[in-house]
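To start, the structure itself, in structure tokens.
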Amino acid sequence: MTDLTFQITPGGSLSGAVRVPGDKSISHRAVMLASLAQGQSEVRGFLTGEDCLCTMKAFRAMGVRIDQLAETHLRVHGVGLHGLQEPAQALDLGNSGTSMRLMAGLLAAQAFPSTLIGDESLSRRPMRRIVEPLRQMGAQIETTGRNTAPLRIQPAAGGLSAISYKSTVASAQVKSGILLAGLYARGRTEVIEPEASRDHTERMLRAFGVTLEAQPGRAALSGGQALRASDVEVPADISSATFFMLGAAIVPGSELLLRDVGVNPTRTGVIEILRRMGADIALLNERRFGGEPVADVRVRGRPLQGIEVGHELVAAAIDEFPAVFVAAACARGETVVTGAAELRVKESDRIQAMCDGLRVLGIAALAQPDGARIGGGRLQGGTVDSKGDHRVAMSFAIAGLRAEQPLRILDCANVNTSFPGFLELARSAGLGIERGEGRGERRRNFEGGPP
Ligand code: S3P
């Protein structure tokens with residue numbers, strides 16, 4: 001456990017206009033694809049959260065020059081598809097599942113060996129879902145006996161061969177890892193998913209000049225295509241904006257504007273869910289940042305009611321369920337979430353973490369294997385354990401707006417993985433949030449897998 005806690009003064013409301021930091025998924029991909037391209041690419045609006053910094057560090061360790069021209073402005077000197085160099089040490093990807101699963105695909109195709117490690121949470125997360133298809137392509141990857149990191153990757157004797165892979169999970173990380181390996185494979189690599197996952201990789205590969213077939217739930221490309229340098233403007237992260245949307249939605253009478261939010265339809269499930277619960281959410285000033293749709297999102301608080309959220313809404317809102325659970329706790333009646341078993345293998349078991357925390361606050365929250373039943377009610381105060389999960393921590397911080405007594409949230413340092421400056425931004429918008437004891441150091445990194 002880390003030593004950063006959040007201390008929340010109950011009540012209040014959010015108001016004004018807010019710009020949350022850059023999209024995490026797009027920032028990772030921008031560094032990766034720009035590194036593999038021929039020539040220089042500039043990335044603006046890059047997320048300097050720890051997860052994306054892990055990706056940046058890893059590419060620097062493989063010989064890519066990345067200049068940080070300003071806080072969120074990078075210039076990446078691409079080395080071409082075959083220009084990466086063997087890193088001197090294991091690549092430490094911290095808390096970042098996206099870095100590990102995408103880079104597994106990319107590194108499986110390289111002519112040098114590499115090892116990918118992560119923190120305690122990442123070392124518990126399932127890697128079989130990515131290792132298995134890569135092995136089918138000819139990759140040489142070793143995991144622990146539990147199919148977890150460290151991933152030890154050796155060059156594939158004879159290179160990789162394309163596959164058509166029918167994934168059993170809707171996972172953009174798996175899809176993207178396979179597509180990145182597919183860039184190096186002989187033949188046409190195809191990924192078919194049970195539900196459409198986020199498609200940032202497909203959109204950005206196109207922007208970098210790759211020819212690719214993509215439709216919801218299916219993507220395919222032919223190996224051997226060179227990437228052409230391209231500038232990337234990163235939208236504000238809808239997953240970070242979600243905490244502010246939640247904050248406005250649960251306090252009737254509030255009004256908040258979120259600027260430059262990425263509204264790619266594979267990511268907007270949370271807007272659909274909150275609207276179905278009764279929130280007033282409008283997309284204004286719709287436009288594009290390169291291949292990605294962007295809008296300013298205006299949220300007005302109104303009383304919410306409980307709903308049923310089934311599997312068809314899960315993939316497009318996968319990171320937003322901690323916030324949805326808080327909305328459910330603030331709604332009239334019961335909310336039932338099903339088809340969301342993936343939440344159990346995120347940075348924490350989010351079904352358990354959220355239900356445990358909501359019960360501390362006096363809410364009837366029943367965890368189920370693939371979701372939860374949450375009865376709306378009055379939120380008391382208390383001490384909630386975020387389990388080191390950034391999105392759990394931020395969701396409970398926002399819940400403080402509707403709490404009747406002070407709230408203390410433990411183990412919050414990982415908020416910096418996705419949302420540097422959350423505390424200050426939330427405070428400026430009206431949340432009574434203070435830093436508790438400690439300096440907020442991140443968890444120690446850790447090689448060797450879980451106990
Ligand atoms: C991500 C995909 C999602 C999401 C994660 C980021 C990505 O994971 O939960 O935060 O950038 O591709 P899965 O693909 O495993 O669902």
Side-chain angles (χ1 to χ4, degrees), residues 21-33 46-47 49-52 54-55 93-106 118 121-122 124-133 147-149 165 167-180 191 193-205 214 217 219 232 234-235 237-243 262 264 266-270 292 311 313-324 339-351 353 370 389-392 394-395 414-415 417-419:
D23 187 274
K24 179 154 76 72
S25 293
I26 296 174
S27 295
H28 282 298
R29 287 158 173 82
V31 166
M32 293 181 189
L33 299 194
F46 179 72
L47 172 65
E50 288 168 2
D51 279 11
C52 298
C54 285
T55 291
L93 303 174
N95 196 242
S96 177
T98 303
S99 310
M100 188 167 283
R101 297 202 179 105
L102 271 62
M103 289 180 63
L106 178 60
S121 153
L122 183 53
R124 265 198 307 265
R125 295 181 63 186
M127 291 298 147
R128 187 181 177 153
R129 53 182 60 197
I130 182 63
V131 166
E132 181 88 16
N147 294 303
T148 52
Y165 189 71
S167 179
T168 53
V169 280
S171 164
Q173 294 177 354
V174 170
K175 172 178 65 181
S176 304
I178 297 171
L179 290 175
L180 290 177
V191 185
E193 305 183 281
E195 308 273 349
S197 67
R198 64 191 65 189
D199 64 357
H200 305 300
T201 302
E202 296 92 309
R203 288 174 190 251
M204 202 183 291
L205 278 169
V232 179
V234 182
D237 195 328
I238 188 169
S239 297
S240 299
T242 287
F243 305 110
N264 178 319
T266 61
R267 297 284 298 281
T268 49
V270 66
E292 293 283 350
H311 71 97
L313 277 169
V314 169
I318 188 66
D319 289 341
E320 282 60 80
F321 280 91
V324 168
E342 274 294 298
L343 297 178
R344 293 203 178 269
V345 290
K346 293 295 179 188
E347 287 83 328
S348 71
D349 175 344
R350 287 183 173 159
I351 293 176
D370 69 338
D389 185 321
H390 54 138
R391 301 199 197 282
V392 172
M394 289 185 274
S395 297
N414 277 337
V415 163
T417 61
S418 68
F419 201 150

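FYI, the numbering just counts along the sequence from 1. As the structure lists them, so they are numbered: ligands from 1, and atoms in each ligand from 1.
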* Structure fact -> Contact region, R198 to ligand 1, non-hydrogen atoms below 4.0 Å, reads side chain
* **Backbone or side-chain N or O of E347 under 3.5 Å from ligand 1 N or O** => no
* **Electrostatic pair D389-R350, nearest N-O below 4.0 angstrom** => yes
* Asked: What atoms in ligand 1 come closer than 4.0 Å to a heavy atom of A172?
  -> 12 (O), 14 (O)
* Within less than 4.0 angstrom of ligand 1, does K346 place any heavy atom? -> yes
* Numbering as shown, the atoms of ligand 1 that approach S25 to under 4.0 Å (heavy-atom distance) -> 1 (C), 6 (C), 7 (C), 11 (O)
* Asked: Do S25 and H200 get their side chains close enough for a donor-acceptor pair, meaning under 3.5 Å?
  -> no
* At the 4.0 Å heavy-atom cut-off, does R29 count as touching ligand 1? -> yes
* **Candidate with minimal heavy-atom separation from atom 15 (O) of ligand 1, of S239, G97, S171** => S171
* **Residues which pass salt bridge (charged side-chain N to carboxylate O under 4.0 Å, His left out) with E292, listed by chain and number, not counting sequence neighbours** => none
* Are R267 and D23 within salt-bridge range, i.e. N to O under 4.0 Å? -> yes
* Going by distance alone, is a donor N or O of one side chain under 3.5 Å from an acceptor N or O of the other, for S171 and S197? -> no
* To do: Give a yes or no answer on whether the side chain of R125 reaches the backbone of V345 with a donor-acceptor pair at less than 3.5 Å.
  => yes
* Any idea which atoms of ligand 1 are less than 4.0 Å away from a heavy-atom of T98? -> 1 (C), 6 (C), 7 (C), 11 (O)
* **Distance from atom 10 (O) of ligand 1 to nearest protein heavy atom, with residue and atom** => D319 OD2, 2.7 Å
* Applying side chain to side chain donor-acceptor pair (under 3.5 Å), name anything that partners R29, two or more places apart in sequence or on another chain. => S176, T201
